[in-house]
S.K.: 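Handing you a structure now.
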2 protein chains.
Amino acid sequence: MQSFTEENYLKTIYYLATRQQGEVSTNALAEMTATKAASVTDMLRKLADKQLIHYKKYQGVRLTEEGERLALQIIRRHRLWEVFLVDKLGFRWDQVHEMAEELEHIRSEELVERLDTFLGHPQFDPHGDPIPTPAGQMPETGYQKLSEMVAGEPVQLMGVLEHSTEFLQHLDRSNLTLGCTVVIREVNTFDRSVQVQLVGGQTVFISYEVAKNLLVNQPAG
Amino acid sequence: MQSFTEENYLKTIYYLATRQQGEVSTNALAEMTATKAASVTDMLRKLADKQLIHYKKYQGVRLTEEGERLALQIIRRHRLWEVFLVDKLGFRWDQVHEMAEELEHIRSEELVERLDTFLGHPQFDPHGDPIPTPAGQMPETGYQKLSEMVAGEPVQLMGVLEHSTEFLQHLDRSNLTLGCTVVIREVNTFDRSVQVQLVGGQTVFISYEVAKNLLVNQPAG
DNA sequence: ATAAAAATTTAGACTAACCTAAATTTTTAG
DNA sequence: CTAAAAATTTAGGTTAGTCTAAATTTTTAT
């Protein structure tokens, strides 16, 4: 059984590994966990002893199969609790991240599976993130970043890569809601900002900073 | 803000204080928290520094007003989560104590109040314990221990003082369910065991050990 | 190619919560 | 009333997770 802290490291390693190629660095982990690099090194030795990560000094870190399975269990719990908080308790999507950070560490297989059933076996959390399977597999979505699309295409907003309150409230104020369809009118080559048109006709300007945190789908495919 | 562990001490002090008169002893706390007396002393000094308990060396301990308010908030959270686990997720009353021990430490006022609303503002948890108010007040019930009743009276089973799986499953096997009405046929003066008759006619023998953990009501009063 | 910069690890220390063993205080029994 | 027993506290130590400062390794820039 892992501690609270160990679970957070596993989750963070998984998170960083999916957002880049290759090994995760000590400094990146220190920044994400709001600790110092020296503390990260201590923990990496401990996780390596437990065979949850592959770790060679100065070479960065990678999850083992077992480590990834555990990380995905924690992410599954996190996302199911987020669905609960939004669907059942009526929280907004920008309010639930902190609470789910605590709820994800409650230890009970049966609790998670009953919660899953109670929620109707949801496939996605309130931010559009897919919910890993009980066995610890992350479903593939095929979503692409809006920042990588070209003008002309109609796309559907399917998820976000950033969960902060500020970011999500910014989307709300821009009338960008999960599932909405937009047509890409223009991609500015200078600042990479994107201009899209909502179904109602409203045009929305999206900075590159925002666009690279938006995940979209081709509604047809 | 208190740590996990501090919250558990506050809750335990409250629990022990209601089950006896006067101050709570270091040894009693050590037994309940499954630690050693020396560790309890350390924590008592810390809680006294924070003004959450009244503490004089060698003289036992008592919650301050603020300490009691916090203890009751924790108990409120515990009991609301138990209602959720039983009413919404379908757990049995003998399965929920351990999970609620973890859930009670999730920090969010708004979460608790939304949960309360979602559950329909329940007054009692699945074991018949009253749920403290948001302000930190414990409702009075007027329940009495079955072990202190006399023969002849019809009484209603309203709560239990012991939450262990073994105890609760023993009640289930004896067909003693919360809310059921029984007539006290006999109280054995030698071993203080009680013989009761269920509405259906079945007679149940209840040992003193069990009877002193059962809370009952006079259905009329 | 190598010196400077950046990243990482090691060494040594801190805090919270626990422990054991010894010392002290309170309670109890005769 | 006092000696033994019980309860409690103190002293000193441990572990997990953190820190700072110094040492080491890797990367980068000329």
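Throughout, a chain's letter reflects where its sequence line sits, starting with A, and its residues are numbered from 1.
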S.K.: Please list, chain by chain and in numerical order, all residues satisfying salt bridge (Lys or Arg N to Asp or Glu O under 4.0 Å) with A:K50, sequence neighbours excluded.
M.R.: A:E6

S.K.: Any side-chain N or O of A:Y58 below 4.0 angstrom from OP1/OP2 of D:dA23?
M.R.: no

S.K.: Mind calculating the distance between CG (A:D49) and C1' (D:dA16) to the nearest angstrom?
M.R.: 14 Å

S.K.: Calculate the interatomic distance between A:L44 atom CG and D:dA16 atom P; express it in whole Å.
M.R.: 16 Å

S.K.: State whether A:E209 and A:R192 are salt-bridged, where the test is any N-O pair (Lys NZ or Arg NE/NH1/NH2 against Asp/Glu carboxylate O) under 4.0 Å.
M.R.: no

S.K.: Considering only distance and modelled atom types, tabulate donor-acceptor pairs under 3.5 Å from the side chains of residues 14-31 of chain A, sequence neighbours left out.
M.R.:
{"residue": "A:Y15", "atom": "OH", "partner": "A:R19", "partner atom": "NE", "Å": "3.3"}
{"residue": "A:T18", "atom": "OG1", "partner": "A:Y15", "partner atom": "O", "Å": "2.8"}
{"residue": "A:Q20", "atom": "NE2", "partner": "A:E23", "partner atom": "O", "Å": "2.9"}
{"residue": "A:S25", "atom": "OG", "partner": "A:A28", "partner atom": "N", "Å": "3.1"}

S.K.: Which ones in residues 19-29 of chain B lie close to DNA chain D, meaning a heavy atom under 4.0 Å from one of its atoms?
M.R.: B:S25, B:T26, B:N27

S.K.: Between C:dT10, C:dC18, D:dT18, which nucleotide has the shortest distance from any of its atoms to the side chain of B:T5?
M.R.: C:dC18

S.K.: Under 4.0 Å from OP1 or OP2 of D:dT26: is there any side-chain N or O of A:Q59 that close?
M.R.: yes

S.K.: Is the distance from OP1 or OP2 of D:dT10 to the nearest side-chain N or O of B:K57 less than 4.0 Å?
M.R.: yes

S.K.: Tell me whether A:R45 at atom CZ has more than 12 heavy atoms from other residues, nucleotides or ligands lying less than 6.0 Å away.
M.R.: no

S.K.: Is there any protein nitrogen or oxygen under 3.5 Å from a nitrogen or oxygen in nucleotides 19-22 of chain C, and what are the pairs?
M.R.:
{"residue": "C:dC19", "atom": "OP2", "partner": "B:K36", "partner atom": "N", "Å": "2.8"}
{"residue": "C:dC19", "atom": "OP2", "partner": "B:S39", "partner atom": "OG", "Å": "2.5"}
{"residue": "C:dT20", "atom": "OP2", "partner": "B:K36", "partner atom": "NZ", "Å": "3.2"}

S.K.: Among residues two or more places apart or on two chains, list those pairs meeting ring pair (Phe, Tyr, Trp, His ring centres under 6.0 Å) that have a residue in residues 59-79 of chain A.
M.R.: A:H78-A:H97

S.K.: Can you name the residues that form a salt bridge (Lys or Arg N to Asp or Glu O under 4.0 Å) with A:D94, not counting sequence neighbours?
M.R.: A:R92

S.K.: Without decimals, in angstroms, what is the distance between A:K56 NZ and D:dT26 P?
M.R.: 12 Å

S.K.: Starting at CG of A:L47 and ending at P of D:dA16, how long is that distance when rounded to a whole Å?
M.R.: 13 Å

S.K.: Between atom CZ in A:R45 and atom P in D:dA16, what is the gap in whole Å?
M.R.: 12 Å

S.K.: Pairs in or reaching into residues 115-127 of chain B: which pass side-chain hydrogen bond (donor to acceptor under 3.5 Å, both in side chains), with residues at least two apart or in two chains?
M.R.: B:R76-B:D116, B:E82-B:H127, B:D116-B:H121

S.K.: Looking at C:dT9, I'd like to know if its phosphate oxygens (OP1 or OP2) sit under 4.0 Å from a side-chain N or O belonging to A:Y55.
M.R.: yes

S.K.: Residues two or more places apart in sequence or in another chain: which of them pass side-chain contact (heavy atoms from CB on, under 4.5 Å) with B:S39?
M.R.: B:T35, B:K36

S.K.: Using whole Å, what does the distance between atom P of nucleotide C:dC18 and atom CZ of B:F4 come to?
M.R.: 12 Å

S.K.: Starting from P on D:dT18, measure out to CD on A:E6 and report it in whole angstrom.
M.R.: 10 Å

S.K.: Listing request: all side-chain hydrogen bond (donor to acceptor under 3.5 Å, both in side chains) pairs with a residue in residues 132-148 of chain B, at least two apart in sequence or in separate chains.
M.R.: none

